[in-house]
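Read through the structure below, which is laid out as structure tokens, and then see the notes.
Numbered from 1 within each chain, the chains take letters A, B, ... in sequence-line order. No hydrogens, no waters, no symmetry mates; every other heavy atom, side chains included, goes into these values.
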There are 2 protein chains.
Amino acid sequence: MTIAGAGETAEPAPKPDAERRRRPRGAVRAGLIAAGVELARAGGPDAVVLREATRLVGVVPNAAYRHFADRDELLAAVCAAAMAELGDRMAEGVSQVTGPRDDPNAAFLRLGAIGTAYLRFAREEPGLFATAYAVPDEHPYIPPSEEEDAGAVVDRSPLGQLRSALDALVDAGVLRPGERPGVEYPIWSGVHGLAVLTGQGPLRDVDDEERAQLEQSLLSFIAKGLE
Amino acid sequence: MTIAGAGETAEPAPKPDAERRRRPRGAVRAGLIAAGVELARAGGPDAVVLREATRLVGVVPNAAYRHFADRDELLAAVCAAAMAELGDRMAEGVSQVTGPRDDPNAAFLRLGAIGTAYLRFAREEPGLFATAYAVPDEHPYIPPSEEEDAGAVVDRSPLGQLRSALDALVDAGVLRPGERPGVEYPIWSGVHGLAVLTGQGPLRDVDDEERAQLEQSLLSFIAKGLE
DNA sequence: GGTTGTTTGTGGACACCGTCCACTTTAACG
DNA sequence: CGTTAAAGTGGACGGTGTCCACAAACAACC
């Protein structure tokens with residue numbers, strides 16, 4: 001045992017024993033989450049397997065238990081990251097619509113951009129999309145030292161962005177204020193349902209053209225529901 | 001070994017060796033599916049564990065491989081059974097609405113009954129509902145010697161029942177024929193999305209009252225989308 | 001009816017997974 | 001310095017899906 005140059009007979013150089021504990025402070029935890037995200041991207045929530053994540057980070061399986069209580073807690077962190085990525089894509093899609101907040105046309109386009117970005121993410125990143133909504137029953141969410149500026153920061157969650165788009169629609173005079181309360185849920189349900197049905201669901205084998213038509217007809221249906 | 005009245009000394013009776021191969025023809029396969037359905041009912045698709053199913057049937061794990069290529073094929077059969085049960089519950093719900101097929105009021109009530117039964121099944125049998133839509137990528141579906149009377153039998157699948165309800169709505173003069181093609185998909189998406197979001201999704205912790213309100217507002221939204 | 005061959009169930013084994021335990025090393029702090 | 005808590009290691013256990021070779025039960029055929 002001892003220290004120094006002991007062992008290391010052949011080239012595998014399994015544990016230089018000086019490479020241990022050289023990583024910066026939170027690197028292993030962050031690396032495990034990043035590895036889990038890549039696993040989820042490729043294979044959905046079931047593919048985020050603890051041992052494989054530690055392998056990718058280059059650490060022994062048990063090391064994960066210094067950062068997460070169990071596999072579900074790691075999965076919860078990965079789910080949060082996936083949800084954040086969905087939120088980022090939606091924000092990016094909305095930001096490409098120009099025009100003032102209370103302009104009727106722009107407000108409507110922004111709502112459409114939200115739905116489109118949501119469906120696009122589900123289509124292009126099916127593994128991450130499924131993972132975002134595969135939060136385990138325990139470990140509701142993981143607040144990794146969030147700075148809370150008392151509402152100064154905008155809500156980048158999918159539901160938050162949908163809500164502000166609908167509020168803007170009211171301010172623009174497109175949606176009657178009496179119709180506003182609670183509309184986010186039917187709309188969210190419709191978009192989410194189509195994403196699931198055409199993702200892992202029974203509609204997963206439709207070709208691109210049909211899929212585009214399904215998305216279009218859903219958005220039209222939602223628009224009609226808003227008058 | 002021998003035959004006749006051997007074995008049956010006490011209740012453990014581990015392997016009387018004459019108890020082998022005493023089950024009727026397709027009993028093991030049917031038993032495995034039934035056991036899988038109960039596992040899915042209690043814990044969703046991930047709870048459909050091959051070894052546990054064989055344990056419930058009282059057979060060794062490898063026996064399952066005489067009836068299914070692998071665990072996914074068993075799961076596919078369980079998914080089909082779960083989907084069939086969903087279809088049965090919907091048909092039962094619809095059948096409780098009386099009135100002729102082309103009566104506007106009855107036709108509308110039937111459509112509502114379809115959505116209500118769908119959401120009710122998802123709420124009361126979350127494990128089976130999730131399993132019905134957890135069909136593995138391979139093994140699309142399993143036709144266990146289906147008799148096909150060339151359309152004489154009615155389609156009891158959820159989508160089939162939704163379609164016939166919408167067709168009846170057209171025949172009753174409630175829905176304009178031009179609006180009919182493709183409407184089933186936005187409607188299905190909305191109902192399915194709410195079922196998923198309030199089931200395993202982020203809305204799973206809402207209380208019964210809120211849940212009822214969500215369902216009601218979704219059905220109103222859909223009704224408005226149909227004029 | 002006895003032989004033969006195909007189904008169906010058995011026993012044992014393998015690799016992989018999540019998780020627990022005891023141990024050693026590292027980093028931080030007085 | 002020395003001490004102590006955190007972080008990583010090694011080895012083990014039970015559980016799972018799956019493969020292989022073998023034996024019993026059935027079906028079929030001459």
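Counting all heavy atoms, side chain and backbone alike, Ala40(B) lies closest to Val78(B) at CB-CG1, 4.1 Å. Minimum heavy-atom separation, Leu75(B) to Pro45(B): CD1-O, 4.2 Å. Across all non-hydrogen atoms, the minimal contact from Val183(A) to Arg180(A) is CG2-O, 2.5 Å.
Residue Leu50(B) has its side chain nearest to dG17(D) when only dG17(D), dG8(D), dG18(C) are considered. In the set dC20(C), dT8(C), dT16(D), dC20(C) carries the atom at the smallest distance from any side-chain atom of Asn62(A).
Between atom CE of residue Met90(B) and atom CZ of residue Phe121(B) there is a gap of 10.5 Å, rounded to the nearest 0.5 Å. Remark: Glu52(B) CD to Leu32(B) CG distance equals 11.5 Å, nearest 0.5 Å.
The CG-P distance, from Leu74(A) to dT19(C), rounds to 10 Å in whole Å. dG8(D) atom P lies 12 Å from atom CZ of Arg29(A), rounded to whole Å. Between the OH atom of Tyr65(B) and the P atom of dC22(D) there is a distance of 21 Å, rounded to whole Å. At whole-Å resolution of the value, CZ in Arg66(A) and P in dC21(C) are 11 Å apart. Atoms CZ (Phe68(A)) and C1' (dC20(C)) sit 19 Å apart, rounded to a whole Å. Separating the NE2 atom of His67(A) from the P atom of dG18(C) is a distance of 16 Å, rounded to the nearest angstrom. For Arg55(A) and dT9(D), the CZ to P distance is 14 Å, given to the nearest whole Å. Distance CG (Asp70(B)) to P (dC16(C)): 18 Å, rounded to an integer number of Å.
Aromatic ring pairs are classed by plane angle as parallel below 30°, tilted from 30° to 60° and perpendicular above 60°; the pair Trp188(A) and Tyr185(A) is tilted.
Both Pro61(A) and Arg51(A) lie close to DNA chain D; mapped to their nearest nucleotides by heavy-atom distance, the more 5′-ward contact belongs to Pro61(A). The 5' end of DNA chain C is approached more closely, in terms of each residue's nearest nucleotide, by Ala63(B) than by the other of Val49(A) and Ala63(B).
Shown here is Arg163(B), whose CZ atom has more than 12 heavy atoms of other residues, nucleotides or ligands within 6.0 Å.
Residues of residues 32-46 of chain A having a heavy atom closer than 4.0 Å to DNA chain C: none are found.
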